[in-house]
Amino acid sequence: MKFQQTFIFPLHVQLEDLDVNGVVHHPTFLKYLERARYHSIKECGYSWEKLLSLDCTFVVSEIHANYLKPALIDRELFILGRVVGVGKTSIKFYQSIVTYLPTDVEIEATQERLFSLPETIFSAQIRLVCIDVKTGKLKSIPQEIQQLIIPDPNLLTKYPQNRDTRLVIK
């Protein structure tokens, strides 16, 4: 199974997600994004154990986050994500959290702003790097994973302002 170019992961805000003010605690948003990324790659047959069997894992090396609106208890949220770059040792994602499930048409219409839907409460650009589990050093992404996670080849042609020159886009 191929990694979905745009993935959607639903979740409900739980009591333990809240801070003293009754809103989702700011680091919890990052946990939500991590959960969505892991779930999406796991659906393609790459569980944590399988990644470890390849002597690799992925760690966050860079995050640019925008907290736009609070999330409240019992709220259903949807995490949208898209791979926008795959390099020799890194993968770049754009992810956002919205308060309703958008249609494919709505997502496509907002690609220029990368998921800037009116219901967006959080957005982030995230770079993961592949590391060797034994040495902790950077490692080339295994070929089978690179082939699984090829970004939309037209995205950066259609939206050159999103180009990240530190990534080698295939």
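When reading the values below, keep in mind they use all heavy atoms of this one structure, side chains included, and skip hydrogens, waters and symmetry mates. We count residues from 1, following the sequence as given.
Panel note: side chain Tyr67, backbone His26; a donor-acceptor pair is recorded below 3.5 Å.
Residues Gln95 and Ala36 share a closest heavy-atom pair of NE2-CB, 4.0 Å. Smallest separation of non-hydrogen atoms from Pro10 and Glu76: CB-OE2, 4.5 Å. Heavy-atom minimum distance, Gln146 versus Gly87: NE2-O, 3.5 Å. Pairing each heavy atom of Ile145 with each of Tyr46, the nearest pair is CG1-CE2, 3.8 Å. Across all non-hydrogen atoms, the minimal contact from Phe78 to Thr99 is CD1-C, 4.3 Å. Contact between Asp19 and His25 at its shortest, heavy atoms only, is CB-ND1, 3.4 Å.
Atom CZ of Phe58 is separated from atom OG1 of Thr89 by 9.5 Å, given to the nearest 0.5 angstrom. Annotation: the span from Phe7 atom CZ to Arg82 atom CZ amounts to 10.5 Å, rounded to 0.5 Å. In this structure, the separation between CD on Glu49 and CG on Leu54 is 12.0 Å, given to the nearest 0.5 Å. Note: Phe29 CZ to Ser96 OG = 12.0 Å, rounded to the nearest 0.5 Å. Atom-to-atom distance recorded for Ile41:CD1 and Ile91:CD1 is 6.0 Å, nearest 0.5 angstrom. Separating the CG atom in Leu52 from the OG atom in Ser47 is a distance of 8.0 Å, to the nearest 0.5 Å.
With sequence neighbours excluded, the residues forming a salt bridge (Lys or Arg N to Asp or Glu O under 4.0 Å) with Glu34 are Arg37, listed by chain and number. Taking Tyr100 as the reference, Pro102, Glu106, Glu119 meet the side-chain contact (heavy atoms from CB on, under 4.5 Å) condition, with sequence neighbours excluded. Listed by chain and number, the residues in a salt bridge (Lys or Arg N to Asp or Glu O under 4.0 Å) with Lys134 are Asp55 (sequence neighbours excluded). When the side-chain contact (heavy atoms from CB on, under 4.5 Å) test is applied to His39, the partners found at least two apart in sequence or on another chain are Phe9, Glu43. With sequence neighbours left out, Leu72 forms a side-chain contact (heavy atoms from CB on, under 4.5 Å) with Val23.
Other members of the cluster containing Val129 are Val59, Ile131, Leu138, with ILVMFWY side chains joined at under 4.5 Å, either directly or via other members.
In this structure the side chain of Gln14 reaches within 4.5 angstrom of the side chain of His12, judged on heavy atoms. Looking at Asp74 and Val13, their side chains never come closer than 4.5 Å, going by heavy atoms from C-beta outward. Side-chain contact between Ile63 and Leu33 is absent, with no heavy-atom pair separated by less than 4.5 Å. By the 4.5 Å heavy-atom criterion applied to side chains, Pro142 and Cys56 are counted as neighbours. Contact check for Ile126 versus Leu30: no side-chain heavy atoms found under the 4.5 Å cut-off.
Geometrically, Lys42 does not engage Tyr38 in a cation-pi contact, judged by NZ or CZ lying under 6.0 Å from the ring centre and within 45° of the ring axis.
No continuous path of hydrophobic side-chain contacts links Leu80 to Leu68 [ILVMFWY only; heavy atoms under 4.5 Å].
Each of Leu77, Ile79, Leu117 was compared with Val98 under the side-chain contact (heavy atoms from CB on, under 4.5 Å) criterion, and only Leu117 meets it.
Side-chain contact, Glu62 with His64: a donor N or O sits under 3.5 Å from an acceptor N or O.
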